[in-house]
2 protein chains.
Amino acid sequence: MSQSANFELDAFLPYQLAILSSRVSAEFAEIYGRRFGLSLAEWRVVAHLSAADKVSTREVFARVDLDKAKISRAAQRLEANGLIEKRQSAVDRRLVEMSLTQKGRDMMAEIAPIARRFEADFLARFADGDGRAFQRLVMEALEASK
Amino acid sequence: MSQSANFELDAFLPYQLAILSSRVSAEFAEIYGRRFGLSLAEWRVVAHLSAADKVSTREVFARVDLDKAKISRAAQRLEANGLIEKRQSAVDRRLVEMSLTQKGRDMMAEIAPIARRFEADFLARFADGDGRAFQRLVMEALEASK
DNA sequence: AATATATCGTTGGAAATGAAATGAGTCAAA
DNA sequence: TTTGACTCATTTCATTTCCAACGATATATT
């Protein structure tokens, strides 16, 4: 009998990782969704903008793991809601430079501590120093899979 | 100036986790997609069935982190392709019992070692014993977030 | 038994998604 | 300086997804 067909999905790391990630994301999305009406794509865009302003769609695209169409649509909604500004780059007129408005910065100033707290709470679920170890290993895996 | 608005998305664990998970899933999906024409949902269903046969949609739903509609549609395609069988449960006629056909078992017998190899290769990217440590911590996190 | 309530899997339809097409702009080579 | 090959952001369109409704069945209450 082919015993190798007997496969334990639960013990399969890619699956475990997917479950963990989707749970954590869903938990956090619940917060910024309920509180600020943001979608995941919108959250990522404003979060990225808060660190590096004057950013083109293309740069966001390169850094944030969303496809161009999603970013473009997220940016449209963010602009409509007054959270970001978009303007054509003077240097290269194909590029759209996005930046947070004051309203956008205010919102990020509210979300940032909530996000940090969320992360801290998550890490606190681990025993002892395991939280930090976990984060270190996640970063190691990210480096290795680039 | 509100410095707390300055948020480093790259260093935010939920984001890191999402990136890592989607990269790993995409890599593996490439394999079962190209080689067996399976979607993610289909892969999960057959993988789950390989360990526990005679399973209702509802049980798959409970264990596999997919919504009912997706499972139902995945099962339809799998049945159409002769990989699973569906029959009404004699005990409770609302339930649909799914199980792998011989063809389905054969396919899983092919995929299983590929999956195990994929996982091993991924773990080997880590330094030293870090791979096992990582998997242990992922499981710890899953337990803690139930 | 009759009725009400809950659960099962599937389906319909609105919304989201992603791949490719589009149109505007840049740049290099002849 | 014209041509052609690229690149950028948006839009289009076919597909997928998700939620809620549905019909069928089961269970609890009267």
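Since we're looking at a predicted model, the values are computed, not measured. To find a chain, count down the sequence lines: A is the first, B the second, and so on, and within it residues start at 1.
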Q) Ion pair present between A/R136 and B/D130, side-chain N to carboxylate O less than 4.0 angstrom? A) yes
Q) Quick check: does any side chain N or O of A/T101 sit under 3.5 Å from a backbone N or O of A/G82, one acting as donor and the other as acceptor? A) yes
Q) If you walk 5' to 3' along DNA chain D, what is the first nucleotide with an atom under 4.0 Å of a heavy atom in chain A, and what is the last? A) D/dT7 to D/dT12
Q: Please check if atom CG in A/D128 has more than 12 non-hydrogen atoms from other residues, nucleotides or ligands closer than 6.0 Å.
A: no
Q | Distance-only side-chain donor-acceptor flag, B/R73 / B/Q76, under 3.5 Å | A | no
(Q) Looking at B/Q88, I'd like to know whether one of its side-chain N or O atoms comes within less than 4.0 Å of OP1 or OP2 on C/dC8. (A) no
**Q.** Salt-bridge contact A/E30-A/R34 (side-chain N to carboxylate O under 4.0 Å)
**A.** yes
Q.
Could you check whether atom CZ of A/R63 has more than 12 heavy atoms from other residues, nucleotides or ligands sitting under 6.0 Å from it?
A. no
Q.
With a 4.0 Å cut-off on N to O distance, would you call A/R125 and B/E140 a salt bridge?
A. no
(Q) Please report the distance, rounded to the nearest Å, between CD in B/Q76 and C1' in C/dG9. (A) 10 Å
**Q.** Side chain proximity check, B/L137 to A/F126, heavy atoms < 4.5 angstrom
**A.** yes
Q | Side-chain ion pair, B/R77 and B/E42, N-O less than 4.0 Å | A | yes
Q. Per the atom types in the model, does the base of C/dT26 pair as donor or acceptor with the side chain of A/R94 at under 3.5 Å?
A. no
Q) For residues 28-45 of chain B, which residues have at least one heavy atom under 4.0 Å from DNA chain D? A) none
Q. Whole-Å distance between C/dC8 C1' and B/R87 CZ?
A. 18 Å
Q. Which distance, rounded to the nearest 0.5 Å, do you find between the OG of B/S56 and the CE of B/M98?
A. 7.0 Å
(Q) For DNA chain D, which residues of residues 67-75 of chain A approach it to below 4.0 angstrom with any heavy atom? (A) A/K68, A/A69, A/S72, A/R73
Q) Between A/A90 and B/K86, which is nearer to the 5' end of DNA chain C once each is assigned its nearest nucleotide? A) B/K86
Q. Rounded to whole angstroms, how far apart are CZ on A/F61 and P on C/dA19?
A. 10 Å
Q.
Ring centroids only, cut at 6.0 angstrom: are B/Y15 and B/F7 within range, meaning strictly under it?
A. no
